[in-house]
Each structure stands twice: as structure tokens, then as C-alpha cells.
Amino acid sequence: MAETAPDTAPLPPRRRGRPPKIAGPGGAAARLGRPPLMADPRAEILRQAAQLFAQKGYVESSLNELAAAMNYSKGAIYNYFSSKQEIYDAIIIFTLTGLYETAAKAVNEADPPVERLKQFMMAHARFLADNYDCFVTMLVGFSGMANSGLKDDALALRDAHEGLLRRILQDGVADGSFREVSAAMTGRAVLSLLSWMVRWFKPDGGKSAEEVALEYHDLLVRGLMA
């Protein structure tokens with residue numbers, strides 16, 4: 001997350017290059033060169049590409065490798081994406097869209113700030129675990145977005161997610177649940193704890209991402225208590 005974010009941020013309009021929600025294959029693979037019969041071949045390309053980028057890094061990965069992994073021809077991938085960079089940009093938008101929407105859905109505005117902070121943190125961690133390769137691609141294998149329109153979308157989504165967290169913290173300060181703290185600084189600390197789990201967390205490890213988030217929440221709330 002960047003250094004600053006407004007308290008509120010409108011979601012960007014859909015642009016060319018915005019991926020649908022990633023889903024698994026809907027049928028068996030067809031012969032090489034023809035996209036397999038699946039519910040959403042474009043989404044499957046993104047899923048497989050994120051896995052490849054997470055394992056090898058963006059620079060070291062190629063569309064030839066991606067095509068081979070999917071039993072596609074390279075030309076079949078070009079039916080959906082014009083370049084490796086476009087695939088990368090789409091993964092970033094998918095990740096940020098899903099992250100914000102998951103957290104926004106999980107947070108119940110009627111609950112007190114301490115509970116909303118827990119809901120936010122658990123939702124963030126859960127989405128990270130469920131979309132681990134996409135997170136690694138976004139945070140570790142970063143290459144920079146090429147499409148200026150999609151980059152604007154990405155910044156708006158980032159700001160919306162961070163703005164949701166800041167409002168929770170501001171509400172906690174306002175009602176006396178939390179001591180006087182900077183919502184911007186505290187929000188960045190919370191997001192760093194959660195997002196950079198990707199450096200060490202493994203989805204098949206001992207603790208779930210939500211369990212880690214709960215431990216982080218306990219530590220934070222003890223420090224934030226008025």
C-alpha cells in the first residue's frame with residue numbers, strides 16, 4: 001500500500017482489461033491450440049499465470065511456459081490477452097478488486113469499531129490465503145502496471161480498501177474505543193502486517209490466515225485501547 005490514501009474512494013468504472021472473478025476449469029482440456037471447455041477461459045489464464053509468476057517471478061516467466069502449462073497454443077492466449085504485461089495488469093486489478101469487495105462485505109457498519117476491525121482483518125487475511133499466488137504476484141513479483149487507465153483503477157481500489165480501514169479506526173477514536181492515534185499511520189501498520197504475511201505465510205501451513213489475523217488483532221487492540 002502507498003503512503004497516503006483518502007478516507008473515502010469511489011470504485012473505478014470497469015475498463016478493458018478488468019478480469020472477472022477467477023474460477024477453476026469447467027471441463028476437460030481440449031486439443032492443443034484450442035481453449036479448453038471451461039466456464040471462463042480468460043479467468044483460468046489469469047489463475048495459471050499468477051501461479052507461474054508467483055513461482056518464477058514476472059520477468060523470468062514467459063507466455064510459452066504459460067501456454068504449455070495450460071495445453072494451449074500461444075496464439076490461443078492472444079485471443080484473450082495481447083501480452084504478458086496485460087495479463088499481469090489484469091491480475092493486479094483482480095486482486096485489489098477482490099480484496100476491497102471482500103472486506104467491504106465482511107464489515108458490518110452496525111458493529112462497534114473493535115469488532116469491525118476484526119472483521120476487516122480476517123477478511124483481508126482470508127482473501128490473501130484464497131488468492132495466494134495473486135498476492136505474491138502483486139507484492140513480490142511486482143513489474144509495474146503499463147496501462148495508465150488500469151493503474152488509475154488500481155490506485156482507486158487501493159484507496160477504497162485503505163479508506164474503509166481508516167474509517168473504522170477513526171470511529172474507534174471518536175467513540176473512545178481506541179486512544180488518540182493517527183488513522184493513516186495505524187492503518188498503514190495494519191495493512192503491512194496483513195499484506196506482508198505473503199512473505200512467510202503458506203496456505204497449507206499450521207495456522208490459517210484468519211487465525212494469524214486474530215492474533216494480530218489481539219495485539220493491535222491491546223495497543224489501541226484507550
Quiz item: After noting the C-alpha distance and the side-chain angles of Ile93 and Met145, does the key distance pass the side chain to side chain contact (heavy atoms under 4.5 Å, CB included) rule?
Solution: CA-CA 10 Å; Ile93 292 295; Met145 298 183 74; 4.1 Å; yes

Practice problem: Please lay out, stage by stage, how Phe94 and Asn131 fare under the test side chain to side chain contact (heavy atoms under 4.5 Å, CB included). | Solution: CA-CA 10 Å; Phe94 161 78; Asn131 300 275; 3.4 Å; yes

Practice problem: List the steps and the verdict of side chain to side chain contact (heavy atoms under 4.5 Å, CB included) for Gln119 and Lys105. | Solution: CA-CA 9 Å; Gln119 293 162 356; Lys105 183 177 180 180; over 6 Å; no

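At distances below 3.5 Å, at least one donor-acceptor pair connects side-chain atoms of Arg116 with backbone N or O atoms of Asp111. For the pair Gln85 (side chain) and Asn147 (backbone), a donor-acceptor distance under 3.5 Å is absent. Tyr132 places a side-chain N or O within donor-acceptor distance of the main-chain N or O of Phe201, the cut-off being under 3.5 Å.
Inspection of the Asp175 and Ser177 side chains reveals an N or O donor paired with an N or O acceptor under 3.5 Å. Looking only at atom types and distance, the side chain of Tyr58 has no donor-acceptor partner in the side chain of Lys84 under 3.5 Å away. Remark: the Ser83 side chain and the Glu86 side chain contain no N/O donor-acceptor pair separated by less than 3.5 Å.
Close placement of the His161 and Phe120 rings is indicated, their centers lying within 6.0 Å of each other.
When the salt bridge (Lys or Arg N to Asp or Glu O under 4.0 Å) test is applied to Glu180, no partner is found at least two apart in sequence or on another chain.
Side-chain contact between Leu219 and Leu193 is absent, with no heavy-atom pair separated by less than 4.5 Å. Contact check for Met121 versus Leu117: side-chain heavy atoms found under the 4.5 Å cut-off.
Salt-bridge annotation for Asp171 and Arg167: absent, with no side-chain N of the basic residue lying under 4.0 Å from a carboxylate O of the acidic one.
Here the CG-CG distance, from Asp152 to Leu157, works out to 11.0 Å after rounding to the nearest 0.5 Å.
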